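Have a look at the structure below before the remarks.
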Amino acid sequence: MPSNITAICPGTFDPVTVGHLDIITRGATKFGRVIVGLIEEPQRKSPLFTPEEREVFLRDALVGHDNIVVDRFNQLVVEFARKWDAHVILKGLRAISDFEYEFAMAQLNRKLAPDIETVFMMASPEHSFLSSSGVREIAAFGGSVVDLVPPAVARRLAEKYPPGSKA
Ligand code: ADP
């Protein structure tokens with residue numbers, strides 16, 4: 001039975017993958033509400049898809065999940081959490097390579113907001129090597145990503161990069 005705790009699940013989702021959806025929907029069985037926070041303009045990278053496109057992909061993929069909300073933000077993660085009165089930041093952990101970055105982010109966020117806890121869920125084994133950047137790379141070289149992303153995302157990527165084409 002989900003608790004009354006609200007968790008935010010922040011990310012760039014450029015584009016959303018089945019790995020993200022796995023963490024979000026598993027989270028929604030453990031928390032009362034999961035707010036998927038779409039970072040509009042990430043500091044480190046310039047996204048392939050616009051915030052509008054990324055939001056539509058997420059919304060379409062999460063239709064029917066009553067306790068999952070999609071929202072966009074361009075501020076500190078802890079400020080976004082406060083906006084939703086969330087005391088949990090939910091993150092997915094894939095391999096050891098994620099750990100160092102996520103550990104540092106969790107410590108920084110704890111410093112900024114000691115009352116907000118970062119909670120990690122391990123990626124499902126079948127999604128452990130799945131990343132948005134990997135999906136973009138496969139698609140850019142005309143490879144199939146149908147098993148890795150929701151159908152609408154696969155269609156959009158195939159339009160951007162026709163199968164068999166090379167970026
Ligand atoms: P990416 O790292 O794929 O570019 P984001 O920056 O959007 O994705 O990441 C948002 C969150 O989703 C992070 O906590 C990240 O660890 C998690 N995540 C990304 N891909 C997966 C996956 N395949 N399985 C579990 N969690 C994932």
Side-chain angles (χ1 to χ4, degrees), residues 6-31 33-62 65 68-81 84 86-110 112-113 116-141 143-154 156-157 160:
T6 296
I8 61 156
C9 187
T12 313
F13 306 107
D14 184 39
V16 61
T17 69
V18 294
H20 293 128
L21 295 173
D22 182 51
I23 295 292
I24 294 164
T25 53
R26 279 164 56 200
T29 69
K30 300 289 174 257
F31 297 104
R33 197 167 58 151
V34 174
I35 314 297
V36 181
L38 175 67
I39 300 163
E40 292 185 336
E41 287 164 26
Q43 294 286 313
R44 291 177 303 148
K45 46 197 175 187
S46 120
L48 175 65
F49 292 104
T50 65
E52 292 75 18
E53 289 175 305
R54 287 180 278 135
E55 180 178 357
V56 170
F57 290 148
L58 273 168
R59 285 192 188 284
D60 285 356
L62 292 166
H65 292 270
I68 301 176
V69 176
V70 178
D71 190 15
R72 294 194 330 219
F73 72 104
N74 231 341
Q75 61 193 144
L76 287 173
V77 167
V78 293
E79 283 171 7
F80 180 70
W84 283 95
H87 293 267
V88 170
I89 299 170
L90 173 64
K91 308 253 23 207
L93 262 193
R94 286 163 293 194
I96 302 286
S97 48
D98 273 348
F99 180 80
E100 204 170 335
Y101 174 76
E102 294 292 353
F103 186 67
M105 284 305 297
Q107 301 292 14
L108 286 172
N109 283 330
R110 179 196 291 272
L112 293 171
I116 298 177
E117 196 70 52
T118 302
V119 172
F120 293 98
M121 281 178 38
M122 305 310 288
S124 296
E126 65 272 32
H127 303 138
S128 285
F129 296 97
L130 176 53
S131 65
S132 297
S133 58
V135 164
R136 292 195 302 272
E137 195 156 327
I138 293 170
F141 284 95
S144 171
V145 292
V146 287
D147 294 334
L148 310 179
V149 293
V153 177
R156 186 73 189 88
L157 283 167
K160 252 188 195 312

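Just so you know, these numbers come straight off a predicted model, no measurement behind them. Atoms within each ligand, like the ligands themselves, are counted from 1 in listed order.
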Who's the nearest protein heavy-atom neighbour of [atom], and how far?
atom: atom 18 (N) of ligand 1; value: H20 CD2, 3.8 Å
atom: atom 24 (N) of ligand 1; value: A123 CB, 3.4 Å
atom: atom 13 (C) of ligand 1; value: K91 CE, 3.8 Å

Counting only heavy atoms not in [X], do more than 12 sit closer than 6.0 Å to its [atom1] atom?
X: E126; atom1: CD; answer: yes
X: E41; atom1: CD; answer: no
X: R110; atom1: CZ; answer: no

**Request:** Answer whether the closest heavy-atom distance between the side chains of R54 and T12 falls below 4.5 Å.
**Result:**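 Yes. Closest side-chain heavy atoms under 4.5 Å.
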**Request:** Would you indicate whether the side-chain heavy atoms of L48 and K160 approach each other to under 4.5 Å?
**Result:**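 Counting from C-beta outward, K160 and L48 do come under 4.5 Å.
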**Item:** Derivation and outcome, side chain to side chain contact (heavy atoms under 4.5 Å, CB included), residues I24 and F13
**Value:** CA-CA 12 Å; I24 294 164; F13 306 107; 4.3 Å; yes
Before signing off on this row, confirm whether [X] and ligand 1 have an N or O atom pair separated by under 3.5 Å.
X: L93; answer: no
X: S133; answer: no
X: D14; answer: no

**Request:** Check V69, V34, I35 against T6 for a side-chain contact (heavy atoms from CB on, under 4.5 Å) and give me the one that passes.
**Result:** I35
Can you list the ligand 1 atoms lying under 4.0 Å from a non-hydrogen atom of [X]?
X: P10; answer: 10 (C), 11 (C)
X: G11; answer: 7 (O), 10 (C)
X: L130; answer: 20 (N), 21 (C), 22 (C), 23 (N)
X: K45; answer: 4 (O), 6 (O)
X: S131; answer: 3 (O)
X: S132; answer: 3 (O), 4 (O)
X: I23; answer: 25 (C), 26 (N)
X: F13; answer: 7 (O)

**Request:** Compare R54, R94, H127, E126 and give the one whose heavy atom is closest to atom 20 (N) of ligand 1.
**Result:** R94
**Identity of the nearest option to atom 16 (O) of ligand 1, non-hydrogen atoms only, from P47, G92, C9** =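 It is G92 whose heavy atom sits nearest to atom 16 (O) of ligand 1.
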**Message:** Test of understanding: given a 4.0 Å heavy-atom threshold, classify the contact between M121 and ligand 1 as side chain, backbone, both, or neither.
**Reply:** neither
**Request:** Decide yes or no on side chain to side chain contact (heavy atoms under 4.5 Å, CB included) for F120 and D98, but give the supporting numbers first.
**Result:** CA-CA 11 Å; F120 293 98; D98 273 348; over 6 Å; no
**Request:** State whether the side chain of T17 and the backbone N or O of G19 hold a donor-acceptor pair below 3.5 Å, judged by distance alone.
**Result:** yes
**Prompt:** Is a side-chain N or O of D71 found less than 3.5 angstrom from the main chain of G37, in a donor-acceptor match?
**Reply:** no
**Request:** Indicate yes or no: does R72 engage E52 in a salt bridge with an N to O separation below 4.0 Å.
**Result:** yes
